[in-house]
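One structure is given below, encoded as structure tokens.
Keep in mind that this is a model prediction, so the values were computed, not measured. First the proteins, then the strands, lettered A, B, ... as listed; each starts at 1.
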Protein chains: 4
Amino acid sequence: MLINLDFESNEPIYQQLVHQIIEGIARKEIAPGEGLPSVRSLASDIGINLHTVNKAYQQLKQDGFILIHRQKGVVVNPDGVPKADANYKKQLEKNLRPLIAESICRDVSEEEFLRLCSTIFETYQGGSA
Amino acid sequence: MLINLDFESNEPIYQQLVHQIIEGIARKEIAPGEGLPSVRSLASDIGINLHTVNKAYQQLKQDGFILIHRQKGVVVNPDGVPKADANYKKQLEKNLRPLIAESICRDVSEEEFLRLCSTIFETYQGGSA
Amino acid sequence: MLINLDFESNEPIYQQLVHQIIEGIARKEIAPGEGLPSVRSLASDIGINLHTVNKAYQQLKQDGFILIHRQKGVVVNPDGVPKADANYKKQLEKNLRPLIAESICRDVSEEEFLRLCSTIFETYQGGSA
Amino acid sequence: MLINLDFESNEPIYQQLVHQIIEGIARKEIAPGEGLPSVRSLASDIGINLHTVNKAYQQLKQDGFILIHRQKGVVVNPDGVPKADANYKKQLEKNLRPLIAESICRDVSEEEFLRLCSTIFETYQGGSA
DNA sequence: GTGGTCTAGACCACG
DNA sequence: GTGGTCTAGACCACA
């Protein structure tokens with residue numbers, strides 16, 4: 001799995017890492033139960049600080065995406081990721097809302113917006129087909 | 001128009017302000033050409049520093065949402081906001097992608113996701129109907 | 001002579017006025033000795049504040065472009081504008097320098113820059129031919 | 001690279017800073033990809049507030065002159081500055097026009113004006129020759 | 001009264 | 001250590 005970081009982005013590196021790993025899971029490039037590189041090796045592979053990788057892993061663990069075993073190392077949660085709960089959906093709406101508001105102001109139609117979402121969905125589901 | 005800030009959020013206050021004003025424009029609560037409160041009055045209304053309001057206004061100006069008119073003060077761009085260009089859509093996709101990836105991991109179906117988007121769209125377009 | 005102000009510009013209105021009048025003189029639309037509208041009438045014509053017009057006139061007087069007679073009103077300096085002195089040229093260079101520096105950074109060649117200047121010169125000298 | 005500010009000038013300090021840095025880039029004293037001092041160190045070197053430096057940096061970033069790299073700090077845009085587009089040229093003409101108009105009024109000939117521009121150009125291109 | 005600029009000092013997230 | 005954010009208070013130019 002390829003990690004692609006933008007060091008000039010406003011998005012913190014550890015956040016980009018989190019997103020990239022989640023995308024890898026969504027794209028089924030990394031299956032539940034499968035192992036991830038150790039903090040140390042991943043950090044040196046990408047050329048970033050240990051702390052940064054660690055922070056990403058901690059957040060992924062926090063959100064139930066991965067488990068961190070002292071011995072087995074880092075693995076994708078074999079039970080799968082916790083399903084979306086009300087809380088998650090509330091958060092999702094909160095994130096979506098400003099994107100949609102600005103899109104409306106910029107004359108992006110609802111159809112076009114939904115079409116864009118579908119296109120992105122395909123990017124991931126194509127991998128599972 | 002009501003401004004509702006969350007001082008506990010990680011999202012910077014000025015960003016929240018930007019979003020809220022954009023939402024106000026999307027909801028057509030503030031019409032093009034209409035005036036916005038002065039930096040000082042808005043700041044004291046919300047109970048934040050005028051520099052924070054100013055930063056929000058500067059960003060909105062930068063993005064073409066508002067103009068700073070020497071006589072009328074701060075006004076919503078009467079020509080409307082610049083339409084979505086390729087750049088904006090690229091940015092939009094970049095913002096949408098991690099939300100969709102995580103939703104997939106959490107077993108949110110595409111239909112459900114699109115339905116949520118539609119619901120949010122209605123929040124705004126209901127105002128114009 | 002037409003005055004064309006941009007109320008959304010960063011350039012103060014009185015400065016814009018000063019520039020427009022100087023351009024009028026350069027374009028020979030207003031000849032030396034000729035009269036300019038009174039502060040009051042110009043202000044109401046353009047729809048701006050008296051003080052603003054006054055400030056512009058004061059600066060033009062200061063720079064030797066116009067004379068303000070108590071009775072004859074405002075007239076373009078019949079002796080012509082003071083020639084460029086060393087001081088003016090120093091100032092001119094100081095204003096030109098950042099424009100040229102940025103142009104170089106943006107890959108505007110010297111020829112292109114000079115050509116642009118010539119084109120602008122023609123705008124004025126065409127009027128005298 | 002030397003920074004030379006005039007605290008008596010009407011030109012805001014942060015603007016002067018922006019210009020000086022652009023001149024430094026034009027003079028090739030700072031090469032693309034090369035680092036600039038941190039906000040704090042530059043501020044204390046010059047003896048101004050760090051916010052003032054920051055404002056200058058933000059504007060340079062906005063205009064594509066510099067990047068804020070999460071690891072390398074502030075660097076001159078390695079891809080070079082965006083070329084002059086129609087918009088920039090329009091702006092340039094708008095800035096040049098009043099300078100030329102006043103020069104005409106003050107009897108500066110076109111040749112002399114162009115010669116001055118050339119002289120300034122040499123100031124920068126001499127560095128690359 | 002407005003926005004624009006500058007200063008000063010503080011806290012935080014990031015790497 | 002960095003930049004990002006927020007506050008507070010000041011002065012000035014503009015209209």
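When the nucleotides F:dT7, F:dA15, E:dC6 are ranked by their closest atom to the side chain of B:T52, F:dT7 comes out on top. Among E:dT5, E:dA8, F:dA15, the nucleotide with an atom closest to any side-chain atom of D:P12 is E:dT5. With F:dG3, E:dC6, E:dG15 as the candidates, the nucleotide lying closest to the side chain of D:Q71 is E:dG15.
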- Item | Intermediate values then yes/no, side-chain hydrogen bond (donor to acceptor under 3.5 Å, both in side chains), C:H19 and D:E102 | CA-CA 8 Å; C:H19 285 155; D:E102 181 161 0; 5.9 Å; no
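Between the CG atom of B:N10 and the C1' atom of E:dC14 there is a distance of 13 Å, rounded to whole Å. Rounding to whole angstrom units, CG of residue A:N54 and P of E:dG15 are separated by 13 Å. Rounded to whole Å, atom C1' of E:dG3 lies 13 Å from atom CD1 of C:I13. In this structure, B:Q58 atom CD and E:dT2 atom P are separated by 16 Å, rounded to whole Å. Here the C1' atom of nucleotide F:dT2 and the CZ atom of D:R70 are 10 Å apart, to the nearest Å. Distance CD (D:Q16) to P (E:dC6): 8 Å, rounded to an integer number of Å. Residue B:Y14 contributes atom OH, which lies 13 Å from atom P of F:dT7 at whole-angstrom precision. Atom CZ of B:F7 and atom P of E:dC11 are 19 Å apart (whole Å).
Counting distance only, with no hydrogens placed and no angle test, the side-chain atoms of B:R40 and the base atoms of E:dG3 include a donor-acceptor pair under 3.5 Å. With hydrogens and angles ignored, a donor-acceptor pair closer than 3.5 Å exists between the side chain of D:H51 and the base of E:dG9.
For the atom pair B:I21 CD1 and B:I3 CD1, the distance stands at 5.0 Å (nearest 0.5 Å).
Proximity of B:Y88 to B:P82: side-chain heavy atoms (C-beta onward) are nowhere separated by under 4.5 Å. A:P98 places none of its side-chain heavy atoms less than 4.5 Å from the side chain of B:Q15. Using a 4.5 Å cut-off on side-chain heavy atoms (C-beta onward), A:L17 and A:Y57 make no contact.
Comparing D:I48 and B:P37 against DNA chain E, the residue whose closest nucleotide sits nearer the 5' end is B:P37. Nearest-nucleotide positions on DNA chain E place B:I68 closer to the 5' end than the other of B:I68 and D:G47. For C:N49 and D:V74, each mapped to the nucleotide of DNA chain F holding its nearest heavy atom, the one lying further toward the 5' end belongs to D:V74.
Residue B:K55 places none of its side-chain N or O atoms closer than 4.0 Å to OP1 or OP2 of F:dC6.
F:dC14 is paired with E:dG1 under the Watson-Crick or G-U wobble criterion, all donor-acceptor distances under 3.5 Å.
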